[in-house]
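Worksheet: one structure, shown below.
Every value quoted in this text rests on a predicted model; they were computed, and no experiment measured them. Letters go in sequence order (proteins before strands), and every chain restarts at 1. Hydrogens, waters and symmetry mates play no part in the numbers below; they use all other heavy atoms, side chains included.
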Number of protein chains: 2
Amino acid sequence: MKENATREEQKKTAGRPRDPRTTRSILKAALELGMELGFDGLTVEGIAARAGVGKSTIYRRWPDAWSIVADAVFADVARIAPVLERATARESFRASMRLVARSFRGQHGEILRPLIGRAQVDKSLRLALAEHWLSARREISRKIVRRGIASGELRAGLEPDIVLDALYGPLYHRLLLPYEGDVVHLSDAYIDALVDTVFGGLERK
Amino acid sequence: MKENATREEQKKTAGRPRDPRTTRSILKAALELGMELGFDGLTVEGIAARAGVGKSTIYRRWPDAWSIVADAVFADVARIAPVLERATARESFRASMRLVARSFRGQHGEILRPLIGRAQVDKSLRLALAEHWLSARREISRKIVRRGIASGELRAGLEPDIVLDALYGPLYHRLLLPYEGDVVHLSDAYIDALVDTVFGGLERK
DNA sequence: TTCGATACGGTACGTATCGTATCGTAGTTG
DNA sequence: CAACTACGATACGATACGTACCGTATCGAA
């Protein structure tokens, strides 16, 4: 059972305990190097050199370079893009999706994009992504949909997961597959238009 | 200007011409090895060995292993998932999205997923993806939306690209970020439910 | 205090793959 | 025949991999 260093419970084992400052310097070095050289060119040896630690110190904590990045990113998911609950479902999603879009636009998106990319060929990363990035948010979001149906704001018979796919799917689509230019332009205006479109539907009423 | 070997115009130049069988055997070897070992472990040397060619023969045609995979995949995009035009926009997208979902479920999806993943750290692959996989289909799809608005089937004022994001975004979301289990379950029933939800909207009428 | 256990920075090692260069041979054009 | 390019093969220096040590540092328990 491999453990992420940041999630360690630090049981009272015999021997010298791991230095948290060492862990932090490795995480910091990984993100810095990734932003500078691109996460493609990230190497364990490079991270070790930048952090001023030995390779063995890194391999004692993580199995490879990508696990370090994952740890660094997932450390504060809840802080960066929490699900906000407002009076209506529409307003809840509008606000929550704006936060996600904001994180995609910024430095967080520049890290998350290669991370999701790498997850396509790295099963453990895939699982970590599902667990730390998606599942928690989904759970709350489903409740918002159900509450909207109960209150009469939303149509009866809606499948919560499909609703969430329709709302959040476009964000990931735009993040991962920009088809015009290179810029991810997930502006607030785009979110508003998207929410209006999906909530209102496509058919003429 | 690097050229893809499959797109070569094969001008009448002096010297020995490239053997098309050699090109085909390289493309075949790349896909086979990718499926067997995972596209992560794909190497130029491995492809050369499997195809029975020298490394230089590969480097004469492609700059790296991923370009070979991209060539092999994009060769027949139009054949695998064309945009179908039906009497209504709703039926057009329902049929077209079913085809995309079918390709995602099959072997094509197993290749496209790592390819999109790699595109997150490979700019040229990113561009090739936008050009060969997305742009052509988008163009036709936008017309379908506009026609739907003109005919009165769809609401006036809809932004075609946002409509397409709402429809296709969920498919990519499910392909790249499965959050329950490992199976991509883009069934026909899911597509139907998705189309119904997006076309009908979320709000109670 | 002594002792076992683990962390730490550092280094050496064999393996794998990269992308380039250079053979000699084969096939095509002029 | 001459010029030119494709082709398979191999050698090459360069990186990064992951493992195995080393000697030292820091903990808990006896």
Side-chain angles (χ1 to χ4, degrees), chain A residues 1-6 8-30 33-34 36-69 118 121-122 124-125, chain B residues 2-30 33-34 36-69 118 121-122 124-125:
Chain A
M1 174 76 179
K2 278 281 178 189
E3 309 195 28
N4 291 344
T6 50
E8 71 202 355
E9 299 272 328
Q10 197 64 20
K11 305 288 186 190
K12 290 180 198 169
T13 56
R16 179 176 172 177
R18 293 182 181 173
D19 190 336
R21 290 171 305 176
T22 301
T23 302
R24 279 194 300 270
S25 78
I26 294 170
L27 290 171
K28 187 181 169 202
L33 277 178
E36 289 175 21
L37 311 176
F39 287 87
D40 180 33
L42 211 56
T43 68
V44 172
E45 294 190 337
I47 297 171
R50 166 73 66 110
V53 306
K55 279 170 62 176
S56 47
T57 301
I58 292 184
Y59 281 112
R60 202 172 287 122
R61 290 168 162 78
W62 296 277
D64 53 57
W66 283 101
S67 302
I68 306 173
V69 178
R118 177 66 189 176
V121 291
D122 185 331
S124 68
L125 197 53
Chain B
K2 276 284 179 188
E3 309 194 30
N4 290 345
T6 50
R7 295 259 170 211
E8 71 202 355
E9 299 271 328
Q10 197 66 19
K11 307 285 186 192
K12 288 182 199 169
T13 55
R16 179 177 173 177
R18 292 182 182 174
D19 190 337
R21 290 172 305 177
T22 301
T23 303
R24 280 195 298 271
S25 79
I26 294 170
L27 290 170
K28 188 182 169 202
L33 277 178
E36 289 174 21
L37 311 174
F39 287 87
D40 179 34
L42 212 56
T43 68
V44 172
E45 295 191 337
I47 296 171
R50 165 73 67 110
V53 305
K55 280 171 60 177
S56 47
T57 301
I58 293 185
Y59 280 112
R60 203 171 288 120
R61 290 168 163 78
W62 295 278
D64 54 55
W66 282 101
S67 301
I68 306 174
V69 178
R118 176 66 190 177
V121 291
D122 185 332
S124 67
L125 197 53

Please set out all donor-acceptor pairs under 3.5 angstrom arising from side-chain atoms of residues 38-53 of chain B, sequence neighbours excluded.
residue	atom	partner	partner atom	Å
B/Asp40	OD1	A/Arg118	NH1	3.2
B/Thr43	OG1	B/Gly46	N	2.9
B/Glu45	OE2	B/Lys55	NZ	3.0
B/Arg50	NH1	B/Glu32	OE1	2.8
B/Arg50	NH1	B/Glu36	OE2	3.4
B/Arg50	NH2	B/Glu36	OE1	2.8
B/Arg50	NH2	B/Glu36	OE2	3.4

**OP:** Find the distance B/Trp66:CH2 to C/dT17:P and express it as a whole number of Å.
**Re:** 15 Å

**OP:** Apply side chain to side chain contact (heavy atoms under 4.5 Å, CB included) to the pair B/Trp62 and B/Thr23, showing each step before the final yes or no.
**Re:** CA-CA 10 Å; B/Trp62 295 278; B/Thr23 303; 4.0 Å; yes

Original post:
Residues from residues 37-45 of chain B sitting under 4.0 Å of DNA chain C, heavy atoms only?
Top reply: B/Thr43, B/Val44, B/Glu45

Original post:
In whole Å, what is the span from the CZ atom of B/Arg21 to the P atom of C/dA26?
Top reply: 16 Å

**OP:** Take atom CD1 of B/Ile47 and atom C1' of D/dA9, then tell me their distance rounded to the nearest Å.
**Re:** 18 Å

Original post:
Got a second to check how far B/Asp64's CG is from B/Ile58's CD1, nearest 0.5 Å?
Top reply: 11.0 Å

**OP:** Report the distance from atom CD1 of B/Ile58 to atom C1' of C/dT20, rounded to the nearest whole Å.
**Re:** 15 Å

Subject >> Value in whole Å for how far the C1' atom of D/dC7 lies from OH of B/Tyr59 >> reply: 17 Å

**OP:** Starting from C1' on C/dC18, measure out to CG on B/Asp122 and report it in whole angstrom.
**Re:** 15 Å

Would you list the protein and nucleotides 4-6 of chain D atom pairs, both N or O, that sit under 3.5 Å from each other?
residue	atom	partner	partner atom	Å
D/dT5	O2	B/Arg16	N	3.1
D/dA6	OP1	B/Arg18	NE	3.3
D/dA6	O4'	B/Arg16	O	3.1
D/dA6	N3	B/Arg16	NH1	3.2

Original post:
Can you list the residues that meet the side-chain hydrogen bond (donor to acceptor under 3.5 Å, both in side chains) rule with A/Ser124, with sequence neighbours excluded?
Top reply: A/Asp122

**OP:** For the pair A/Arg61 (side chain) and A/Arg18 (backbone), establish whether a donor and an acceptor sit closer than 3.5 Å, ignoring hydrogens and angles.
**Re:** no

Subject >> Separation of D/dT19 C1' from A/Trp62 CH2 (nearest whole Å) >> reply: 19 Å

**OP:** Any chance you could measure A/Arg24, atom CZ, to A/Thr22, atom OG1, to the nearest 0.5 Å?
**Re:** 9.0 Å

**OP:** Evaluate the criterion side chain to side chain contact (heavy atoms under 4.5 Å, CB included) for residue pair B/Ser56 and B/Arg60; output intermediate values, then yes/no.
**Re:** CA-CA 6 Å; B/Ser56 47; B/Arg60 203 171 288 120; 4.1 Å; yes

Original post:
Among residues 49-56 of chain A, which residues get a heavy atom nearer than 4.0 Å to DNA chain D?
Top reply: A/Lys55

